[in-house]
Chemist: 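Next up is a structure, given as C-alpha cells.
As the structure lists them, so they are numbered: ligands from 1, and atoms in each ligand from 1. No hydrogens, no waters, no symmetry mates; every other heavy atom, side chains included, goes into these values. What you are looking at is a predicted structure, and each value in this text was computed from that prediction instead of being measured.
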Amino acid sequence: MDTTTFEQHESEIRGYCRAYPTVFASASNARQVDEEGTSYIDFFAGAGVLNFGHNNPRMKEAMIDFLQADGVAHSLDTYTTTKRDFIARFHEVVLAPRGMDHKMQFMGPTGSNAVEAALKLARLATGRREIVAFSHGFHGMTLGSLAATANHAFRQWAGVPLTDVVRLPFETAPGGRTGIADFAAALRDPSSGVTPPAAFLVEPVQAEGGVNVASREWLHEIQDLAREVGALFIIDDIQAGVGRTGGYFSFDGMDLDPDIITLAKGLGGFGTPIAMNLNKPEVDAHWSPGAHTGTFRGQGLSFVAGTVALDHFTDEAFLASVLSHGEQMREALEAIAAAHPDRDWEVRGKGMMQALDTGDGAFAKQVQQECFERGLLIGPCGSGGRVIKLIPPLTIPAEDLTEGLDLLAQAIDAAAK
Ligand code: PMP
C-alpha cells in the first residue's frame, strides 16, 4: 500500500483515510477492494450515500446510455429531459402516494446546501431570524448549517454566530421529554422575552449525533408548536431518508406534515451528488426566481441514477428486505451486548441504521480499527465518537450482511479483551 502521494500533497484535513489506511481501487454493492486485492465489507456506505450499493448495475447501465446519447451532463437549472424524468418519477413514487404536493427545489449538491436553503427560506417566509435546533443534531459544515449543528468541536473555533439558534434537548437527551413543553410555556408567556422562531429543524433519526430515534409523539409536539406560533417545521432527512429506515422518509407512517424536508446523500443513488428540498407550495411561493442560486443544480448523471433509484420504492420485496435486514442487524448487536454483560452498552436504531452505544470513544475507535483489520468498514458517531453505527447499503447481499456482523462481533471481542 503506497499512500505517500496523499501524505505529500493532500491537506492535513484528511479524515476517513486515517481510519481506513489503504488505497481503494474498486467497489461493487457492499464491498470495496483495495489495490492489493483485499476485499472489505462496507457497513459505512459513503456515510449513508450508497443506499443502493457501489456501482449499482442498473444505474450504471442507465448512466452509460445517457453518456453515449450525449445527454446534458450539466444544466444549471435549465429544463432537461433527464430532470423532467426525475421530477415526474419522484412525484409518482414518493409524493403522490403520500398525498404530498410539495415543490422540489434543487440547489448545490450537498446536504449542507439543502439545509442552508431551508434556513433561508424559513427566514424569508416568516420574516423572523431564530432557528430552533436540537442537541446532538448534525446539519452540515457551512456556516449556517454548522450554527444549527450541535457539536461544539466543529464550530467553537470557527466563530460561528450562535445568537440566532435556540438549542433544545433532543427527545432522548436529558431534559428532552419536557424541553418542547418548557419552550412552549416560555413562548406563551409575554414576560419571558422569548420570541417565536422562524423554524424548528429536526432529524427524526439523528445519525451523526449517535443514532437517536425520536418518537412520533415528540415530533408531533414540535409540529404542533410550530403551527401554533407560525414557525416552519423542517425535517432534515439527509441521512435517515431515501429508504434507510424502511420507508422513503424516516418519518413515514407518523402522519407528519413538514413544511420543508431536506434530502441529499442517497438521493442521487450512485454517489452522484444532488440535494433537493421539498417545500410546501405556500412556503415555496416566497422564493422569487433566482433568489437562491447555485452552479451545480442540474447534474444529468445524478438525475439519471436518481430516477433508477426510485424504482426500489415500488419493489415490495426490497422494502421488506430493508426491514428484515434491519432486524438481523439489531439482533446481532443485542447478542453482542448480551455477550458483554459487564459493559453498559445500548443498542438503538431504525431500519438499516442500527448502532451500539459503547459509551467510550477510545473503545469505539479501537473497534473500528479491529474491524478494518478483519475486512470490515464501520464509522463511529455520537458524543466523542462512542457509538458504533452500522449503515450498510440497503442492497447488501444476505451473506455479506451475516459475514460483516460476524466480523463485527469478533472485532468487539478483540477490543474488549
Ligand atoms: N444533515 C444530516 C442529517 C447529515 O447527516 C449530513 C451529513 N452527514 C448533512 C446534513 C450535511 O450533508 P453534507 O455533508 O452533504 O453537506
Chemist: Pull out every atom of ligand 1 sitting under 4.0 Å from any heavy atom of G140, numbered as shown with elements.
Modeler: 11 (C)
Chemist: Taking non-hydrogen atoms only, is E208 closer than 4.0 angstrom to ligand 1 via side chain, backbone, both or neither?
Modeler: side chain
Chemist: Between D236 and ligand 1, is there a nitrogen or oxygen pair with a distance under 3.5 Å?
Modeler: yes
Chemist: Under a 4.0 angstrom heavy-atom cut-off, which atoms of ligand 1 come close to S112?
Modeler: 11 (C), 12 (O), 13 (P), 16 (O)
Chemist: Please state which part of A207 comes within less than 4.0 Å of ligand 1, counting heavy atoms only: side chain, backbone, both or neither.
Modeler: neither
Chemist: With a 6.0 Å cut-off (strictly less than), is the heavy-atom count around CG of D344, excluding the residue itself, greater than 12?
Modeler: no
Chemist: Hey, what's the ring geometry for F200 with F183, parallel, tilted or perpendicular (30° and 60° as the breaks)?
Modeler: perpendicular
Chemist: Just checking, any donor-acceptor pair under 3.5 angstrom between side chains of S250 and E203?
Modeler: no
Chemist: Nearest heavy atom to atom 3 (C) of ligand 1 wins, so pick from E203, K265, Q206.
Modeler: E203
Chemist: Hey, what's the ring geometry for F303 with F86, parallel, tilted or perpendicular (30° and 60° as the breaks)?
Modeler: tilted
Chemist: For G111 and ligand 1, does the shortest N/O to N/O distance drop below 3.5 Å?
Modeler: yes
Chemist: Identify, for atom 4 (C) of ligand 1, the protein heavy atom at the shortest distance, and state residue, atom and that distance.
Modeler: F138 CD2, 3.8 Å
Chemist: State, without any angle test, whether T307 and R89 hold a side-chain donor-acceptor pair at a distance under 3.5 Å.
Modeler: no
Chemist: Return the closest protein heavy atom for atom 5 (O) of ligand 1 as residue, atom name and distance.
Modeler: Q239 NE2, 2.9 Å
Chemist: Ignoring hydrogens and angles, state whether a donor on the side chain of Q8 or T4 is under 3.5 Å from an acceptor on the partner side chain.
Modeler: no
Chemist: Indicate, as side chain, backbone, both or neither, the part of H139 found under 4.0 angstrom from ligand 1 when only non-hydrogen atoms are considered.
Modeler: backbone
Chemist: At a 4.0 Å threshold, what atoms of ligand 1 neighbour a non-hydrogen atom of T110?
Modeler: 15 (O), 16 (O)
Chemist: Is the F24 ring parallel, tilted or perpendicular to the Y20 ring (thresholds 30°, 60°)?
Modeler: perpendicular
Chemist: Whether the T262 and D236 side chains hold a donor-acceptor pair (N or O, under 3.5 Å, no angle test) is what I'd like checked.
Modeler: yes
